[in-house]
2 protein chains.
Amino acid sequence: MATKTVVTEKRYRIGEFATKTGLSGPTLRYYEKEGLVKPHRSDNGLRYYTDADASWIKFLLHLKGTGMTIEQLKQYVAWRAEGDATITKRLQLLKNVRRGFLQEFEELQHSMTILNDKIDWYQGKVDGHISDNEGFANYLASLNHEE
Amino acid sequence: MATKTVVTEKRYRIGEFATKTGLSGPTLRYYEKEGLVKPHRSDNGLRYYTDADASWIKFLLHLKGTGMTIEQLKQYVAWRAEGDATITKRLQLLKNVRRGFLQEFEELQHSMTILNDKIDWYQGKVDGHISDNEGFANYLASLNHEE
DNA sequence: CTATGAGTTAAAGTCGACTTTAACTAATGT
DNA sequence: ACATTAGTTAAAGTCGACTTTAACTCATAG
């Protein structure tokens, strides 16, 4: 009789998983304490994570990247655990997050413009294109940005 | 002999200036303590700010918005106080800030894509376009984003 | 001229998001 | 077997960026 081979999903212990996700071990434990991720335990009591857990963490980090706080993520995860009944709540939460994010995004673009102008101005001074005593306000006025 | 009228710049006391800049009084004092802004004093000892101070604060807030920390702003301000000898240093600092900011910007855009996809997925579930048991991973795969 | 609302200072407190410490147990290479 | 290296917990500490408190003084309308 041939040996039966059970294909088991890869198990990552916390150290390897930390490397994989770019988080630290303590941060993973912290996220777990906050209920954001639920690793599994091997028979010996050590945590292990799977590739599915990695996808989940990545998704969470993207949400976090859009400005969601840990508290908001906890709310989202709590609703998710409640099942389909909370789908509209989750959708609403994500839409609110997107609204805030878009707003922030516009401000970022404006700041980027200002930063670029300032860099150009300094570059001009360094390269001698801008007279020694032309101020930045002056220079800005010479561009056509609204403020 | 006609009365001489000296046109004086408007003076904002801290409360009015806080409203004008969107910062709080304590925050303005904090920034002052960190050397980011130097308000003036009237004869009675109260702080006052001018429109030029407001422009300066706005500029600082834009830099802050691009990800500069208070410490970096302090460095920038310190160099600025040293005069033209530090222009290349300041230019270099701002360019570094821009590099980091652009990098962050790309990550933000990616997160935005994920957030949008997730919202679309929820919307699909709510509207019934997506079958009850199609997971997000599945849905993502049906789009053509790289990850 | 006095009540009420700003403004003053220095110092302590808060908050979010981790990080570090301490005191342990488990796994692994030689 | 033993020395490293990795993992375990709960609790305390850190850090950046403010915010709050306390104990004052100053400004101004009635």
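Proteins come first, then strands; the chains are lettered A, B, ... in the order of their sequence lines, and each starts at number 1.
Remark: P of C:dA26 and CZ of A:Arg47 are 15 Å apart, rounded to the nearest angstrom. Going from atom CD1 of A:Ile57 over to atom P of C:dC18 covers 11 Å, rounded to whole Å. The CD-P distance, from A:Glu16 to D:dA6, rounds to 12 Å in whole Å. The nearest whole Å value for the distance from the CD atom in A:Glu34 to the C1' atom in C:dA17 is 9 Å. Between the NE2 atom of A:His40 and the P atom of D:dT8 there is a distance of 13 Å, given to the nearest Å. One interatomic measurement links the two molecules: CD of B:Glu32 to C1' of D:dT19, which rounds to 17 Å at whole-angstrom precision. A straight line from CG of B:Leu60 to C1' of D:dA17 spans 15 Å, rounded to a whole angstrom. Distance CD1 (B:Ile70) to P (D:dT19): 11 Å, rounded to an integer number of Å.
For D:dA17, neither phosphate oxygen OP1 nor OP2 lies less than 4.0 angstrom from any side-chain nitrogen or oxygen of B:Thr27. The phosphate of C:dT8 has OP1 or OP2 within less than 4.0 Å of a side-chain N or O from B:Arg41. The phosphate of D:dT19 (OP1 or OP2) has a side-chain N or O of B:Ser24 nearer than 4.0 angstrom.
For A:Ile87, the side chain to side chain contact (heavy atoms under 4.5 Å, CB included) criterion is met by A:Asp84, A:Arg90, B:Tyr122, B:Lys125, B:Val126, not counting sequence neighbours. Residues satisfying the ring pair (Phe, Tyr, Trp, His ring centres under 6.0 Å) criterion with A:Phe101, sequence neighbours excluded, are A:Phe105. Shown here are the ring pair (Phe, Tyr, Trp, His ring centres under 6.0 Å) partners of B:Tyr31, two or more places apart in sequence or in another chain: there are none. By the side chain to side chain donor-acceptor pair (under 3.5 Å) test, B:Thr66 pairs with no residue at all, sequence neighbours left out.
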Exercise for review: List the protein contact pattern of nucleotides 20-30 of chain D with one symbol per nucleotide (5' to 3'): B for base contact, S for sugar-phosphate-only contact, - for none; contact means a heavy-atom distance under 4.0 Å.
Suggested key: B------S---

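Set against C:dC18, D:dC18, C:dT9, the side chain of B:Tyr30 has D:dC18 as its closest nucleotide. Here the nucleotide nearest the side chain of A:Arg29, chosen from C:dT8, C:dT19, D:dT8, is D:dT8. Of the listed nucleotides (C:dT8, D:dA17, D:dT19), C:dT8 has the atom at the smallest distance from the side chain of B:Ile14.
Counting only distance, with no hydrogens or angles, the side chain of A:Thr86 and the backbone of A:Lys89 share no donor-acceptor pair below 3.5 Å. Here the side chain of A:Ser42 pairs no donor or acceptor atom with the backbone of A:Asn44 at under 3.5 angstrom.
The residue A:Tyr31 sits close only to the backbone: its heavy atoms come under 4.0 Å of sugar-phosphate atoms, none of a base. Within the 4.0 angstrom heavy-atom criterion, only backbone atoms of the sugar-phosphate kind lie near B:Lys64; the bases stay farther away.
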Less than 3.5 Å apart, which donor and acceptor atoms pair up between the side chains of residues 18-29 of chain B and the rest of the protein, not counting sequence neighbours?
residue, atom, partner, partner atom, Å
B:Thr19, OG1, B:Gly15, O, 3.2
B:Lys20, NZ, B:Tyr12, OH, 3.4
B:Lys20, NZ, B:Asp51, OD1, 3.2
B:Thr21, OG1, B:Phe17, O, 2.9
B:Thr21, OG1, B:Ala18, O, 3.3
B:Thr21, OG1, B:Leu23, N, 3.4
B:Ser24, OG, B:Thr27, N, 3.1
B:Ser24, OG, B:Thr27, OG1, 2.8

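In this structure, A:Lys33 and B:Tyr48 both approach DNA chain C, and ranking their closest nucleotides by distance from the 5' end singles out B:Tyr48.
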